[in-house]
Q: 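The structure is given below, and queries will be raised subsequently.
Below, each value reflects all heavy atoms present in this structure, side chains not excepted, and no hydrogens, waters or symmetry copies. As the structure lists them, so they are numbered: ligands from 1, and atoms in each ligand from 1.
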Amino acid sequence: MLKKIFFKKKTQRKHIVSKDNLDLNKLPQHIGIIMDGNGRWATGKGLIRTSGHKAGANTVKNILMTCIKLNIPVLTVYAFSTENWKRPITEVNFLMNLFSNFLAAQIEDLCKNNVQIKFIGRIDELPGTLAKEFHKAEEITKDNTGVKFNVAINYGGRDEIVTAVKNIAKQVNDGTLSVEQIDDKIIDDSLYTKGLPPVDLMIRTSGDMRLSNFLLWQSAYAEFWFTKTNWPDFTSEEFIEALIDFQHRDRRFGGLDKKLN
Ligand code: FPP
């Protein structure tokens with residue numbers, strides 16, 4: 001089914017009405033993914049945990065490619081949390097190298113596919129030359145107009161909100177902002193995701209059903225989709241399944257069901 005959609009011309013890619021199909025006019029504008037289960041995938045196969053992360057990087061490529069084909073405006077993936085520093089140093093180092101190598105290997109394709117990459121989190125506190133490499137990639141892709149691909153590294157949702165509150169408080173202190181002016185928009189604009197739509201769909205792989213400090217503010221009205229599949233085994237087909245499921249949700253945003261109105 002997907003192949004059929006992908007290989008149709010853009011003008012033909014609409015009004016796919018069957019319940020089992022994907023409606024390309026009703027896609028989520030921002031998808032968040034908690035890529036969990038790399039370690040379990042590896043140990044389940046008798047491999048060391050880090051091979052799970054390596055395999056997980058391939059899944060990132062596949063899912064990003066699907067977002068490109070579908071024209072999903074924003075994809076944000078959770079790659080390393082502010083809490084992940086508690087892991088063994090060998091695993092942390094492996095992940096940092098993996099991020100660096102991934103970027104080096106993908107930057108050309110990101111440009112070819114018109115992707116704008118951004119790294120969100122405490123990037124400037126990362127070891128070695130990572131921050132420099134990440135900022136360089138952001139600079140290279142900043143004028144790309146396709147999918148906005150955010151990679152959360154050294155990211156924590158509470159930390160993001162605390163930082164935003166501090167910045168807002170400073171402006172109040174300086175007299176450039178009044179307390180009355182503080183509203184949702186001021187807070188939105190003080191987050192890493194400034195200017196982006198809120199998360200419509202949050203996906204988490206490998207069976208756990210929690211948000212783990214990811215995009216707390218941005219997910220206020222997100223629909224959640226959980227799967228037991230470990231991240232390295234997560235396919236484009238399952239991703240499309242999540243999108244189709246999302247399209248059948250009744251999103252009321254605190255209002256009433258249209259049928260009851
Ligand atoms: C959670 O699985 C995954 C991570 C902490 C790392 C995510 C990193 C990748 C998917 C690698 C590639 C990413 C990019 C952006 C190139 P876990 O290790 O906690 O798995 P477990 O719960 O089974 O132990």
Q: Does an N or O from N84, backbone or side chain, lie closer than 3.5 Å to an N or O of ligand 1?
A: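 No - when backbone and side-chain N and O of N84 are compared with those of ligand 1, no distance drops under 3.5 Å.
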Q: Check whether any side-chain heavy atom of R49 sits under 4.5 Å from a side-chain heavy atom of F94, and report yes or no.
A: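 Not in contact.
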Q: What is the nearest protein non-hydrogen atom to atom 1 (C) of ligand 1, stated with its residue, atom name and distance?
A: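 The closest heavy atom on the protein side is M35 O, 3.2 Å.
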Q: What I want to know is whether R49 and ligand 1 share at least one N or O pair that is separated by under 3.5 angstrom.
A: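 Yes, R49 has an N/O under 3.5 Å of an N/O on ligand 1.
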Q: Counting heavy atoms not belonging to R158, are there more than 12 under 6.0 Å from its CZ?
A: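 It does not: R158 CZ has 12 such atoms or fewer within range.
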Q: Apply side chain to side chain donor-acceptor pair (under 3.5 Å) to residues N114 and T145 and explain how you reach the verdict.
A: CA-CA 6 Å; N114 201 19; T145 55; 2.8 Å; yes
Q: So for K54, does at least one of its heavy atoms come nearer than 4.0 angstrom to any atom of ligand 1?
A: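 So K54 does not count as touching ligand 1.
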Q: Just heavy atoms, cut-off under 4.0 Å: does L98 contact ligand 1 by side chain, backbone, both, or neither?
A: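 L98 to ligand 1: side-chain contact only, backbone stays beyond 4.0 Å.
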Q: With backbone taken as N, CA, C and O and side chain as the heavy atoms from C-beta onward, which portion of F99 lies under 4.0 Å from ligand 1: side chain, backbone, both, or neither?
A: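 Side chain only; the backbone of F99 stays clear of ligand 1.
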Q: Could you list the atoms of ligand 1 found under 4.0 angstrom from a heavy atom of F102?
A: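 Those atoms are 16 (C).
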Q: Considering non-hydrogen atoms only, spot the tightest contact between W225 and E241 and give its length.
A: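 Taking every non-hydrogen atom into account, CZ2-OE2, 4.1 Å.
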Q: At what distance is the nearest protein heavy atom to atom 10 (C) of ligand 1, and which residue and atom is it?
A: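 Result: N38 ND2, 3.3 Å.
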Q: Mind listing the closest non-hydrogen atom pair of V92 and N84 along with its distance?
A: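 Looks like CG2-O, 3.8 Å.
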Q: So, are D174 and K170 salt-bridged, with charged N and O less than 4.0 Å apart?
A: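 Result for this pair is no, no salt bridge flagged.
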Q: Write out the residue and atom name of the closest protein heavy atom to atom 15 (C) of ligand 1, then the distance separating them to 0.1 Å.
A: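 Residue, atom and distance for the closest contact: V151 CG1, 3.8 Å.
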Q: Tell me whether the rings of Y192 and Y155 are parallel (<30°), tilted (30 to 60°) or perpendicular (>60°).
A: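 The arrangement is tilted - the two ring planes meet at 30° to 60°.
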Q: Hydrophobic clusters here meaning ILVMFWY residues chained together by side-chain heavy-atom distances under 4.5 Å, can you tell me if W217 and L215 are in one?
A: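 Yes: a chain of side-chain contacts under 4.5 Å links W217 to L215.
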Q: Run the numbers for me: atoms of ligand 1, each under 4.0 Å from some heavy atom of A57, listed by number.
A: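 Those atoms are 12 (C).
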Q: Has ligand 1 got any nitrogen or oxygen that is less than 3.5 angstrom from a nitrogen or oxygen of W231?
A: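 For ligand 1, there is no N or O atom that lies under 3.5 Å from one belonging to W231.
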Q: Check whether any N or O atom of G39, backbone or side chain, sits under 3.5 Å from an N or O atom of ligand 1, and answer yes or no.
A: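 There is such a contact, yes.
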Q: Assess A79 for proximity to ligand 1: is some non-hydrogen atom of it under 4.0 Å away?
A: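 It does; at least one heavy atom falls under 4.0 Å.
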Q: Please name the pair of heavy atoms, one in N144 and one in L110, separated by the smallest distance, quoted to 0.1 Å.
A: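 Scanning both residues, the minimum pair turns out to be ND2-O, 4.1 Å.
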Q: Could you tell me which atoms of ligand 1, counted from 1 in the order shown, lie closer than 4.0 angstrom to a heavy atom of R40?
A: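 Numbered from 1, ligand 1 contributes 21 (P), 22 (O), 23 (O).
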Q: Would you kindly say whether Q218 and E160 are connected by a side-chain donor-acceptor distance under 3.5 Å?
A: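 Yes - a donor-acceptor pair under 3.5 Å links their side chains.
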Q: Consider ligand 1: state whether an atom of it lies below 4.0 angstrom from any non-hydrogen atom of D36.
A: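 Yes, D36 has a heavy atom closer than 4.0 Å to ligand 1.
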Q: Starting from atom 19 (O) of ligand 1, find the nearest protein heavy-atom neighbour and note its residue, name and distance.
A: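 Result for atom 19 (O) of ligand 1: R87 NH2, 2.7 Å.
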